[in-house]
Amino acid sequence: MIKTDVLVIGAGPVGIFVVHQLGLIGLKAEVVDNLDKIGGQCIELYPDKPIYDIPAVPECTGESLTKNLLEQIKPFKINFHLNERVQEVSEEKNNWKIITSKNKIFLAPNIIIAGGVGSFEPRKFPIKEAEKFENNGVFYSIKDKSYFKNKKICIFGGGDSALDWAIELSKIAKVILVHRRVEFRGVEQNVETVKKLEKEGKLKIKTPFQINSIDGQDKINAISIKNEDGNIEKIDTDCMLGFFGLIMKLGPIAEWGLNLEKKHIPVNVENFQTNKKGIFAIGDICTYPGKLKLILSGFHEGALAARACFKLARPNEKYRFEFTTTSKSMHERLGVKDK
Ligand code: FAD
C-alpha cells in the first residue's frame, strides 16, 4: 500500500502542473494514468501541433509543453504509475482508498481527478474470442519488442502505428499486415516503405481484409480473415496486434458516487472540490458556469485545489500564502539557492 498526501488521476498537462503546485507547498503526490506515456491529449492527439495560448510561451507543441512541465516538476521526484487505470475509490476512515487495474493500492486524504475526457483506451478487435487472448497473443501496444522475435505476427490497422510496427518488427519476425481498406492512412513514406518491404519479400500485405475468427485453446494457433466478398483465408500465426486508434471513456470515474453533468464533474469553484470531501476535479473533466476547456484554466484550477488539499493532509498546520520569488521553504523544496 502506498500512502501519500494526494493521489492525482491523470497525467495530462493539468495533472502534471498540479503536482508542481502540491510540491511547492510541501505535499507529496503520486500520479496514475491509463496511458503508457505522460502528456494526456497533448501527447496522444497533437504532439507536433503548435499551441499559441500558454501564458508567456508564444508557441510550443503538445510535446514540448509536456517536456517543459516535466522539467518543472523534476525537483519533486514524482512517481508516475503508467498503464494503470484507477478502478475503485472507497472511503477508509479519514482517507480514500484507491485501487488500480494492476491492483496497486493507494491511501490518501485527497484525490485530484485530472482525468480529461476520461481514460484513453485502444479500440479493440470486434470479435469476442480476442478478449480471451488479450496479452497472451492479442496485443494493442508493444512494451518489449524482443517478445516478438522470430514469431509469426499479424498486424491489423492502416494508420502510422500499424505501419511503423510492421516496418520495425519485419526486421525480427515474420509479419503480415492486414487492413480493411486497400489504401493505407499513414504518411506517404511509411506506405512506400511497407510496399517496398513487400516487394523484397520481407513482409506480406493482405487488403482489404478484416479479422473473422481465432483458432486455439490456451494460445493462438491460427486466425482467419475475411474480405468484402466473404472469402475467408486461414493464416498460421502466433499473435495479432491491433492498431485501430484510441477511444476515450469516462470509465470507472462514473462509479465513484460523484455528481455528474453530461459526463463532467461539477465542482465548487472556490477550491474545485466535488460533492465528496477530499475529492477534487480539475482540467477538462470538471464543469462549472463559464468553464473553458483550456490548458490555462486547468492550471488555475490546480493551484486552488492544491491549497485545499493542504487542509486535509496537514490538519494541524496553518497554510500560509507565499510567493515563489521570496519563499525560503519553496526554494528549499525546489532545490534552488536564495538570490
Ligand atoms: P487530458 O489531457 O485529457 O489528460 C487526462 C489523462 O487522464 C489522460 O491521459 C487519461 O488517460 C487519464 N485518465 C482518465 N481517467 C483515468 C483513470 N480512471 N485512470 C487513469 N488515468 C485516467 N487547449 C489549449 O489550451 N490550447 C490549445 O491550443 C489546444 N489545442 C488543442 C488541440 C486539439 C486537437 C485538442 C484535442 C485539444 C486542444 N486543447 C487545447 C485542449 C487541451 O488539450 C485540453 O484542455 C487539455 O489536454 C486538458 O488537460 P487535462 O490534463 O485536463 O486532460
Side-chain angles (χ1 to χ4, degrees), residues 34-36 44 83 85 101-102 119-249 251:
N34 198 42
L35 284 176
D36 58 356
E44 205 49 58
N83 277 314
R85 193 160 81 152
S101 49
K102 288 192 184 160
S119 52
F120 288 96
E121 290 179 19
R123 209 178 287 279
K124 302 204 170 171
F125 284 104
I127 54 169
K128 192 94 187 100
E129 305 106 276
E131 260 175 49
K132 181 174 124 186
F133 293 105
E134 210 168 308
N135 297 320
N136 175 30
V138 171
F139 301 93
Y140 298 100
S141 66
I142 295 180
K143 287 176 191 75
D144 175 14
K145 71 176 179 188
S146 66
Y147 172 87
F148 298 98
K149 199 169 176 194
N150 299 327
K151 289 206 163 72
K152 288 179 273 179
I153 309 166
C154 285
I155 297 181
F156 288 75
D160 281 315
S161 301
L163 299 177
D164 280 341
W165 279 116
I167 295 165
E168 190 57 30
L169 292 177
S170 68
K171 297 172 193 161
I172 57 166
K174 277 194 171 173
V175 172
I176 300 179
L177 178 61
V178 187
H179 182 38
R180 67 194 167 104
R181 296 192 205 288
V182 177
E183 299 299 327
F184 289 100
R185 282 182 290 108
V187 294
E188 213 177 303
Q189 195 195 346
N190 271 345
V191 177
E192 278 170 13
T193 309
V194 288
K195 290 193 171 154
K196 185 168 160 272
L197 289 171
E198 187 193 26
K199 268 195 197 139
E200 293 168 358
K202 292 184 179 148
L203 63 73
K204 284 186 187 162
I205 297 177
K206 294 273 180 195
T207 60
F209 276 96
Q210 294 193 56
I211 185 69
N212 182 60
S213 65
I214 305 176
D215 290 352
Q217 280 303 317
D218 302 328
K219 64 178 206 43
I220 297 178
N221 297 325
I223 60 167
S224 70
I225 55 174
K226 189 162 83 176
N227 71 7
E228 284 160 354
D229 303 326
N231 295 326
I232 291 180
E233 279 191 30
K234 192 172 173 186
I235 303 175
D236 287 340
T237 193
D238 301 311
C239 37
M240 46 199 272
L241 295 164
F243 295 105
F244 309 118
L246 296 165
I247 44 171
M248 296 167 203
K249 272 190 179 172

Practice problem: Verify side chain to side chain contact (heavy atoms under 4.5 Å, CB included) between Ile205 and Phe184, making sure each step is shown before the conclusion. | Solution: CA-CA 11 Å; Ile205 297 177; Phe184 289 100; 3.9 Å; yes
Quiz prompt | Test: Lys202 and Glu200 ion pair at under 4.0 Å | solution = yes
Self-check item: Nearest heavy atoms of Arg85 and Gly251, plus distance in Å
Solution: NH1-CA, 4.2 Å
Exercise. Taking all non-hydrogen atoms of both residues into account, name the closest pair between Ile235 and Cys154 and its distance.
Key: CG2-SG, 4.0 Å
Quiz item: What closest approach, in Å, do Ile223 and Met240 show between heavy atoms, and which atom pair accounts for it?
Solution: CG2-SD, 3.7 Å
Quiz prompt | Given Leu169, Ile172, Asp144, the one that forms side chain to side chain contact (heavy atoms under 4.5 Å, CB included) with Lys149 | solution = Ile172
Practice problem: Applying side chain to side chain contact (heavy atoms under 4.5 Å, CB included), run through Asp238 and Ile153 and close with a yes or a no. | Solution: CA-CA 6 Å; Asp238 301 311; Ile153 309 166; over 6 Å; no
Practice problem: In sequence, state the C-alpha distance, the side-chain angles, and the governing distance for Phe148 and Val175, and then conclude on side chain to side chain contact (heavy atoms under 4.5 Å, CB included). | Solution: CA-CA 10 Å; Phe148 298 98; Val175 172; over 6 Å; no
Quiz item: When the ring planes of Trp165 and Phe243 are compared, do they come out parallel, tilted or perpendicular, using 30° and 60° as the limits?
Solution: parallel
Exercise. Would you please test Lys196 and Glu192 for side chain to side chain contact (heavy atoms under 4.5 Å, CB included) and show each step?
Key: CA-CA 6 Å; Lys196 185 168 160 272; Glu192 278 170 13; over 6 Å; no
Quiz item: Does some side-chain heavy atom of Leu177 sit less than 4.5 Å from a side-chain heavy atom of Glu198?
Solution: no
Quiz item: Closest heavy-atom contact between Glu233 and Phe209?
Solution: OE2-CZ, 3.5 Å
Quiz item: Which heavy atom in Leu163 sits nearest to a heavy atom in Val191, and how many Å separate them?
Solution: CD1-CG2, 3.9 Å
Quiz item: What are the two closest non-hydrogen atoms of Asn34 and Glu121, and how far apart are they?
Solution: ND2-CG, 3.5 Å
Quiz item: Counting only N and O atoms by type, is there a donor-acceptor contact under 3.5 Å from the side chain of Thr237 to the main-chain atoms of Lys152?
Solution: yes
Practice problem: Look at atom NZ of Lys102 and say whether more than 12 heavy atoms of other residues, nucleotides or ligands are closer to it than 6.0 Å. | Solution: yes
Quiz item: For Phe244 and Tyr140, what are the C-alpha separation, side-chain angles and deciding distance, and is it a ring pair (Phe, Tyr, Trp, His ring centres under 6.0 Å)?
Solution: CA-CA 8 Å; Phe244 309 118; Tyr140 298 100; 7.1 Å; no
